[in-house]
There are 2 protein chains.
Amino acid sequence: MNAPRTRIQAENRARIAAAALDVFSAEGFRGATVDAIAERAGMSKPNLLYYFPTKDAIYREVLERLLDDWLAPLRALDEAGDPVQEIAAYLDRKIEMARDFPAESRLFANEMLRGAPNMIDVLEGDLRALVREKAKVIRAWSAAGKIAKVDPYHLIFAIWATTQHYADYDVQVRAVLGDDGEGRFHDGAAFLRRLFLDGLRPR
Amino acid sequence: MNAPRTRIQAENRARIAAAALDVFSAEGFRGATVDAIAERAGMSKPNLLYYFPTKDAIYREVLERLLDDWLAPLRALDEAGDPVQEIAAYLDRKIEMARDFPAESRLFANEMLRGAPNMIDVLEGDLRALVREKAKVIRAWSAAGKIAKVDPYHLIFAIWATTQHYADYDVQVRAVLGDDGEGRFHDGAAFLRRLFLDGLRPR
DNA sequence: CTTTGTCTTGACCATCCGGTAAAATCGACG
DNA sequence: CGTCGATTTTACCGGATGGTCAAGACAAAG
């Protein structure tokens with residue numbers, strides 16, 4: 001079943017994964033029920049379990065599909081580019097993801113909150129290696145005087161935190177700002193560019 | 001039962017709330033079981049249910065106890081103080097809370113991820129009012145030329161996001177940095193002070 | 001010591017939920 | 001069309017979980 005062998009299998013597995021993403025991200029792993037996922041995917045529970053053996057397997061599949069997209073913006077950070085522009089572009093890409101794929105962000109957040117039981121190996125493997133590589137890039141920029149000398153790891157954390165906040169804490173942001181359509185993403189992006197590049201102290 | 005009338009009631013309700021905080025923050029609302037909370041509180045499930053009528057009531061109690069502490073650091077932002085020092089101090093207080101009360105932060109995050117079903121009224125009420133008030137303070141600082149002219153709402157969001165990240169995404173931070181004792185909080189605080197005050201662009 | 005209300009417990013129940021079995025239906029291909 | 005594997009459904013099971021109940025243990029006041 002791992003490699004879909006028919007058209008119907010490919011379609012249904014994709015539909016299930018999409019439905020599962022919505023339900024898991026909104027309710028957490030334990031809060032999500034197989035019935036709820038099946039209903040959202042437009043099929044019966046036993047039918048769903050024909051495609052995935054267990055609830056756990058669905059969850060893992062969703063996490064796996066997530067990961068590549070998740071790491072893509074950081075991968076795109078280009079040593080050869082202009083440092084200031086690269087960082088601004090990274091912020092923009094991440095804010096766009098928070099706006100366009102909030103469920104993905106929330107699912108990831110849920111997994112982190114629980115201690116990443118299904119991702120700890122990836123975090124300590126691929127993710128860690130990627131961050132180390134990009135930290136080196138940032139340090140090189142610092143050393144060349146292109147940006148200030150700051151801890152590259154905590155810089156990356158700050159970029160993740162500020163941008164994902166607009167997805168993970170969306171209720172709070174909307175409650176505080178009042179309903180603003182999608183203006184918060186635009187304003188947030190503008191603010192973050194300003195914050196990260198120039199800080200608050202008047203020049 | 002709402003107002004504890006005996007010593008034992010006060011003690012046990014407090015023990016239950018503490019245990020519930022740990023369990024809810026680690027497992028989410030649905031993932032937490034009354035049995036698990038009771039065990040952690042060192043009592044039987046029916047005994048626990050003698051003090052709180054339902055699991056939901058326990059959860060609401062924990063959320064309520066949380067809120068005052070949660071808003072305290074922002075409340076402490078003092079218009080009369082030096083703006084740069086006030087913001088740096090706010091960052092420090094929030095980082096300390098992430099280090100010393102990570103369960104509180106995670107519980108809050110869990111609630112936000114689910115759409116804040118039990119807090120939406122507070123978010124749109126007290127929290128919103130408090131943020132509006134402090135936003136005015138920040139805007140006054142900007143107008144006086146004490147800090148740059150930035151959107152005060154998004155500034156507050158950025159402070160929340162970056163500091164709480166060290167509690168909510170602790171697994172990820174530790175996975176990326178390797179185990180560092182508690183150095184990450186110190187380094188993170190130093191980085192954030194630098195970021196918020198001066199930004200990345202070289203001066 | 002005894003009484004009275006507080007606290008605690010063991011046994012139990014109903015529901016929800018993940019998962020299974022087997023029969024029924026569908027659909028691609030000869 | 002007819003066949004056979006792929007897909008879907010109906011009915012069901014067992015364990016977990018939130019919550020109840022009635023009786024017993026305990027503590028404080030007299």
Side-chain angles (χ1 to χ4, degrees), chain A residues 1-64 107 110-111 114 117-118, chain B residues 1-64 107 110-111 114 117-118:
Chain A
M1 183 71 66
N2 273 339
R5 309 211 61 73
T6 75
R7 173 184 53 87
I8 293 180
Q9 273 180 34
E11 281 176 14
N12 281 349
R13 282 178 65 93
R15 262 170 56 212
I16 291 167
L21 173 65
D22 288 345
V23 178
F24 280 132
S25 70
E27 314 287 345
F29 178 77
R30 287 290 298 279
T33 70
V34 177
D35 270 308
I37 298 171
E39 190 180 359
R40 194 171 205 110
M43 67 182 69
S44 67
K45 175 172 66 169
N47 198 181
L48 183 153
L49 289 167
Y50 170 74
Y51 292 99
F52 290 89
T54 64
K55 177 183 175 181
D56 226 86
I58 309 171
Y59 187 72
R60 284 197 302 272
E61 167 86 10
V62 173
L63 275 189
E64 256 174 57
L107 183 74
N110 260 307
E111 175 72 8
R114 288 194 304 140
N118 293 279
Chain B
M1 182 72 65
N2 274 338
R5 311 212 59 74
T6 76
R7 173 185 52 89
I8 293 181
Q9 273 180 35
E11 280 176 14
N12 280 350
R13 283 178 65 92
R15 262 171 55 212
I16 291 167
L21 173 64
D22 288 345
V23 178
F24 280 132
S25 70
E27 314 285 345
F29 178 76
R30 284 291 297 279
T33 70
V34 177
D35 270 307
I37 298 170
E39 190 181 358
R40 192 171 207 111
M43 67 183 66
S44 66
K45 176 171 67 168
N47 197 182
L48 183 152
L49 289 168
Y50 171 74
Y51 292 99
F52 290 89
T54 63
K55 177 182 174 182
D56 226 85
I58 309 171
Y59 186 72
R60 284 196 303 271
E61 166 87 10
V62 173
L63 275 190
E64 256 174 59
L107 183 72
N110 259 308
E111 176 72 8
R114 288 194 303 140
N118 294 280

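Letters go in sequence order (proteins before strands), and every chain restarts at 1.
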Need to verify one output field. Residue with the more 5' nearest nucleotide on DNA chain D, A/R30 or A/L48? A/L48
Residue met sooner reading DNA chain D from 5', once A/K45 and B/G31 are mapped to nucleotides: A/K45
Below 4.0 angstrom from OP1 or OP2 of [N], is there any side-chain N or O of [X]?
{"X": "A/Y50", "N": "C/dG19", "answer": "no"}
{"X": "A/N12", "N": "D/dT8", "answer": "yes"}
{"X": "B/T54", "N": "D/dG18", "answer": "no"}
{"X": "B/N47", "N": "C/dC7", "answer": "no"}
{"X": "A/T6", "N": "D/dA6", "answer": "no"}
{"X": "A/Q9", "N": "D/dA6", "answer": "no"}

Between [atom2] of [N] and [atom1] of [X], the distance in whole Å:
{"X": "A/I16", "N": "D/dT7", "atom1": "CD1", "atom2": "P", "result": "11 Å"}
{"X": "B/E39", "N": "D/dG18", "atom1": "CD", "atom2": "P", "result": "14 Å"}
{"X": "B/Y59", "N": "D/dT17", "atom1": "OH", "atom2": "C1'", "result": "18 Å"}
{"X": "A/M43", "N": "C/dC26", "atom1": "CE", "atom2": "P", "result": "16 Å"}
{"X": "A/D35", "N": "C/dT15", "atom1": "CG", "atom2": "P", "result": "17 Å"}
{"X": "B/E27", "N": "D/dA16", "atom1": "CD", "atom2": "C1'", "result": "15 Å"}
{"X": "B/F52", "N": "D/dT17", "atom1": "CZ", "atom2": "P", "result": "21 Å"}
{"X": "A/E11", "N": "C/dG27", "atom1": "CD", "atom2": "C1'", "result": "13 Å"}

Taking the six-membered ring of A/F24, is the NZ or CZ of A/K55 close enough (under 6.0 Å from the centre) and on axis enough (within 45°)? no
Quick check: does any side chain N or O of A/R30 sit under 3.5 Å from a backbone N or O of B/A32, one acting as donor and the other as acceptor? no
Please check this pair: side chain of A/E111 against backbone of A/N118, looking for a donor-acceptor N/O pair closer than 3.5 Å. yes
Could you tell me whether B/R7 and B/E11 make a salt bridge, using a distance below 4.0 angstrom between a side-chain N and a carboxylate O? yes
Please classify the nucleic acid contact of [X] as base, sugar-phosphate, or nothing, using heavy-atom distances under 4.0 Å.
{"X": "B/I8", "answer": "sugar-phosphate"}
{"X": "B/A57", "answer": "nothing"}
{"X": "B/T33", "answer": "sugar-phosphate"}

Side-chain contact, heavy-atom cut-off 4.5 Å: B/I37 with B/D22? no
Could you check if a side-chain atom of A/R15 sits within less than 4.5 angstrom of a side-chain atom of A/N12, using non-hydrogen atoms only? yes
Has the side chain of A/K55 got a donor or acceptor atom sitting under 3.5 Å from an opposite partner on the base of C/dG19? no
Which residue, B/P46 or B/R7, contacts DNA chain C at a nucleotide closer to its 5' end, judged by nearest heavy atom? B/R7
